[in-house]
Student: 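Quick one: this structure, given as structure tokens, is what I'll be asking you about.
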Amino acid sequence: MTSQERVLLAIQRVETDRIPIHDAPWGTTEQRWHREGMPEGRSAAAHFGFEFRGYWCDNSMQFPRQVIEETDEYVIATDANGATMKNWKRRTTTPELVDFTIKTRALWDEHKHRRAYNDSRIHWEAVRAGFEDARRNGLFFHCSFGPGFTQICDMVGPERVLIAMVEDPEWVKEMFLTDAQVCADMAEEMMGRGIDFDAGWIFDDLGYKHKGFFSPAFYRELLMPAHKLICDCFKSRGKPMILHSCGYVTEFMPLFIEAGYDCIQPLEVKAGNDLVALKKEYGDRLAFMGGIDVRAMADPDPSAIEREIASKIPAAKQGGGYIYHSDHSVPDNVSFEQYTGVMDLVAEYGGF
């Protein structure tokens with residue numbers, strides 16, 4: 001069985017030979033693993049056999065990047081959404097939001113034409129090469145976007161977006177839908193030119209610890225139409241949809257189903273998501289990917305991660321519908337030896 005077949009069947013909630021595996025180690029994590037024994041020139045994906053490959057689409061405003069300040073430690077630059085961010089060079093962290101080009105509805109109206117489709121948004125050579133490589137190697141190939149709440153927060157600022165959701169909801173909804181439309185347009189263009197993706201994958205972080213950034217009612221009214229627009233693009237071609245959303249998302253599950261999602265990832269444990277409970281309540285309608293606590297991976301006592309995996313994977317895999325992944329990404333406090341042990345446990349507990 002190929003990885004492509006295995007992942008598609010898991011999303012369809014069908015048991016196969018074993019659960020599929022995928023993960024997202026930080027860049028600094030991979031650097032550590034190379035120092036600790038992972039062969040040089042070999043990625044973690046290749047070494048551990050991660051089964052997903054994808055192409056990331058450019059749904060930005062396409063502002064030119066401008067470096068404002070650079071030191072040995074950090075870079076402050078204006079990005080493709082016109083936002084000024086501070087990024088650290090030797091640490092994997094969330095960028096610091098410094099300033100924004102678009103701060104008002106009038107400025108949005110002035111610049112929103114930048115979010116229309118054009119051919120420069122797609123690196124055609126890269127997407128064709130990625131697709132052909134995935135097909136040669138039997139891998140699951142997805143089309144990835146970062147639209148919606150996270151994208152608009154990065155463009156105009158989180159506080160400004162949250163306030164506008166109450167005071168000017170039509171503006172926020174327009175930004176969400178404009179963002180979603182260019183994503184759908186890119187997907188249609190690529191699939192129309194022969195890039196036969198296995199699925200679409202939206203990355204949009206909606207939660208914090210034990211709460212969403214906003215209520216399910218706000219999601220239904222303002223953001224779900226944008227998510228559904230992209231979902232409909234793929235579902236009309238018989239392709240499943242995956243959602244990555246950090247933080248607590250349990251309260252959104254019924255609406256995710258309604259929007260058209262088939263699989264939810266990464267189910268952050270520290271935010272309050274419970275993989276086993278979610279499987280019990282929604283496993284007949286959703287597949288799940290993730291939910292394995294990275295804090296247990298980093299624990300010096302190896303029994304911590306074994307308890308984590310043994311208590312979750314056997315329940316989550318029943319009837320199909322589960323894909324191994326950490327509950328977010330693998331930080332650089334997890335050693336190569338520890339992660340190799342994780343993979344051994346996943347193999348032990350993930351077979352059928």
Side-chain angles (χ1 to χ4, degrees), residues 11 57 59 81 105 108 112 115 117 142-188 197 199-208 210-268 271-273 278 281-290:
I11 292 173
C57 298
N59 58 307
N81 281 318
R105 189 168 190 172
W108 161 252
K112 64 185 178 183
R115 230 180 197 111
Y117 173 80
H142 55 85
C143 181
S144 295
F145 311 94
F149 179 72
T150 303
Q151 175 83 198
I152 301 305
C153 282
D154 285 347
M155 183 179 75
V156 307
E159 291 183 13
R160 194 170 285 113
V161 172
L162 289 166
I163 292 169
M165 288 175 77
V166 176
E167 296 184 349
D168 196 354
E170 289 306 311
W171 175 35
V172 175
K173 188 173 183 178
E174 180 184 310
M175 289 191 287
F176 290 160
L177 284 170
T178 303
D179 192 10
Q181 187 62 60
V182 73
C183 292
D185 290 346
M186 285 188 287
E188 291 284 2
F197 294 106
W201 192 345
I202 288 176
F203 289 71
D204 196 5
D205 297 339
L206 307 183
Y208 188 57
H210 303 297
K211 286 289 182 182
F213 289 126
F214 42 81
S215 70
F218 272 110
Y219 176 77
R220 175 185 286 281
E221 179 184 355
L222 300 181
L223 183 55
M224 193 170 87
H227 280 194
K228 190 173 187 303
L229 190 156
I230 301 171
C231 287
D232 287 350
C233 169
F234 284 86
K235 300 304 278 290
S236 69
R237 293 173 178 261
K239 312 289 186 183
M241 283 297 301
I242 305 168
L243 174 66
H244 164 101
S245 187
C246 296
Y248 183 74
V249 294
T250 295
E251 62 188 340
F252 295 110
M253 291 294 165
L255 295 177
F256 291 160
I257 295 168
E258 191 175 336
Y261 290 109
D262 300 279
C263 181
I264 309 300
Q265 182 267 350
L267 310 174
E268 279 192 273
N273 300 294
L278 286 167
E281 186 165 0
Y282 299 106
D284 59 333
R285 289 160 288 171
L286 283 173
F288 297 103
M289 179 177 172

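Quick caveat: nothing in here was measured; it's all calculated off a predicted structure.
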Student: Considering all heavy atoms of both residues, which atom of Phe145 and which atom of Ala187 are nearest to each other, and what is their separation?
Tutor: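 Distance-wise, the nearest heavy atoms are CZ-CB, 3.9 Å.
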
Student: How far does CG of Leu243 sit from CD1 of Ile230, to the nearest 0.5 angstrom?
Tutor: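 One gets 10.5 Å once the value is rounded to the nearest 0.5 Å.
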
Student: Can you give me the closest heavy-atom contact between Val166 and Pro169, atom names plus distance?
Tutor: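 So the minimum-distance heavy-atom pair works out to O-CD, 3.7 Å.
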
Student: Which heavy atom of Ala259 sits nearest to which heavy atom of Met224, and what is that distance?
Tutor: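 Closest approach of Ala259 to Met224, heavy atoms only: CB-CG, 3.8 Å.
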
Student: Closest heavy-atom contact between Cys246 and Pro266?
Tutor: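 Nearest heavy atoms, Cys246 then Pro266: N-CD, 4.4 Å.
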
Student: Flag the pair Leu162 / Met165 as yes when at least one side-chain heavy-atom distance between them is below 4.5 Å, and no otherwise.
Tutor: yes

Student: Could you check whether any side-chain heavy atom of Phe213 comes within less than 4.5 Å of a side-chain heavy atom of Pro158, counting everything from C-beta outward?
Tutor: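 Counting from C-beta outward, Phe213 and Pro158 never come under 4.5 Å.
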
Student: What pair of heavy atoms forms the shortest contact from Met289 to Trp201, and how long is it?
Tutor: CE-CH2, 3.6 Å

Student: Which pair of non-hydrogen atoms, one from Arg220 and one from Leu255, has the smallest distance, and what is that distance?
Tutor: NH2-CD2, 3.1 Å

Student: Take Cys183 and Cys57 through the test side chain to side chain contact (heavy atoms under 4.5 Å, CB included) and record every step on the way to the result.
Tutor: CA-CA 8 Å; Cys183 292; Cys57 298; over 6 Å; no

Student: One thing to verify: whether Glu188 and Arg237 come together as a salt bridge, which I'm taking to mean a side-chain N less than 4.0 angstrom from a carboxylate O.
Tutor: yes

Student: What's the spacing between Ile202 CD1 and Gln151 CD if we round to 0.5 Å?
Tutor: 12.0 Å

Student: For the CE atom of Met241 and the SG atom of Cys233, what is their distance to the nearest 0.5 Å?
Tutor: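 Answer for the CE-SG pair, Met241 versus Cys233, is 8.5 Å.
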
Student: Assess whether side chain to side chain contact (heavy atoms under 4.5 Å, CB included) is satisfied between Val156 and Trp108, documenting all intermediate values.
Tutor: CA-CA 9 Å; Val156 307; Trp108 161 252; over 6 Å; no

Student: Scan Tyr219, Tyr261, Phe149, Phe218 and name whichever one has a ring pair (Phe, Tyr, Trp, His ring centres under 6.0 Å) with Phe252.
Tutor: Tyr219

Student: Within a 6.0 Å radius of atom NZ on Lys228, are there more than 12 heavy atoms belonging to other residues, nucleotides or ligands?
Tutor: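 Atom NZ in Lys228 is not packed in, count stays at 12 or less.
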
Student: Measure the spacing between CZ of Arg115 and CE of Met175 and express it to the nearest 0.5 Å.
Tutor: 9.0 Å

Student: In the structure I gave you, are the side-chain heavy atoms of Phe256 and Val249 within less than 4.5 Å of one another anywhere?
Tutor: yes

Student: If you round to the nearest 0.5 Å, how far is CG of Asp205 from NE2 of His244?
Tutor: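 Between His244 NE2 and Asp205 CG, I get 4.5 Å after rounding to 0.5 Å.
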
Student: Could you check if a side-chain atom of Pro240 sits within less than 4.5 angstrom of a side-chain atom of Cys263, using non-hydrogen atoms only?
Tutor: no

Student: Can you run down the side-chain hydrogen bond (donor to acceptor under 3.5 Å, both in side chains) pairs that involve residues 161-173, sequence neighbours left out, and say none if there aren't any?
Tutor: Arg105-Asp168

Student: Tell me, do Ile11 and Ile242 make a side-chain contact under 4.5 Å, heavy atoms counted?
Tutor: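 The answer is yes, as the side chains (C-beta and beyond) meet within the 4.5 Å cut-off.
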
Student: With rounding to the nearest 0.5 angstrom, report the OG1 to CD distance, Thr250 to Glu281.
Tutor: 9.0 Å

Student: Does a side-chain heavy-atom distance below 4.5 Å link Pro254 with Tyr282?
Tutor: yes

Student: Not counting sequence neighbours, which residues clear side-chain hydrogen bond (donor to acceptor under 3.5 Å, both in side chains) with Asn59? List them please.
Tutor: Asp179

Student: Given 3.5 Å as the limit, does a donor-acceptor pair link the side chain of Lys235 with the main chain of Gly260, or not?
Tutor: yes

Student: Indicate yes or no: at least one non-hydrogen side-chain atom of Pro225 is less than 4.5 angstrom from one of Phe176.
Tutor: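 With C-beta onward as the side chain, the pair stays apart.
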
Student: Got Leu177 and Leu229 here, is their nearest side-chain heavy-atom distance under 4.5 Å?
Tutor: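 Yes, their side chains come closer than 4.5 Å.
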
Student: Can Asp204 and Thr150 be counted as having a side-chain donor-acceptor contact under 3.5 angstrom?
Tutor: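 There is such a pair (donor and acceptor under 3.5 Å, judged by atom type) between the side chains of Asp204 and Thr150.
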
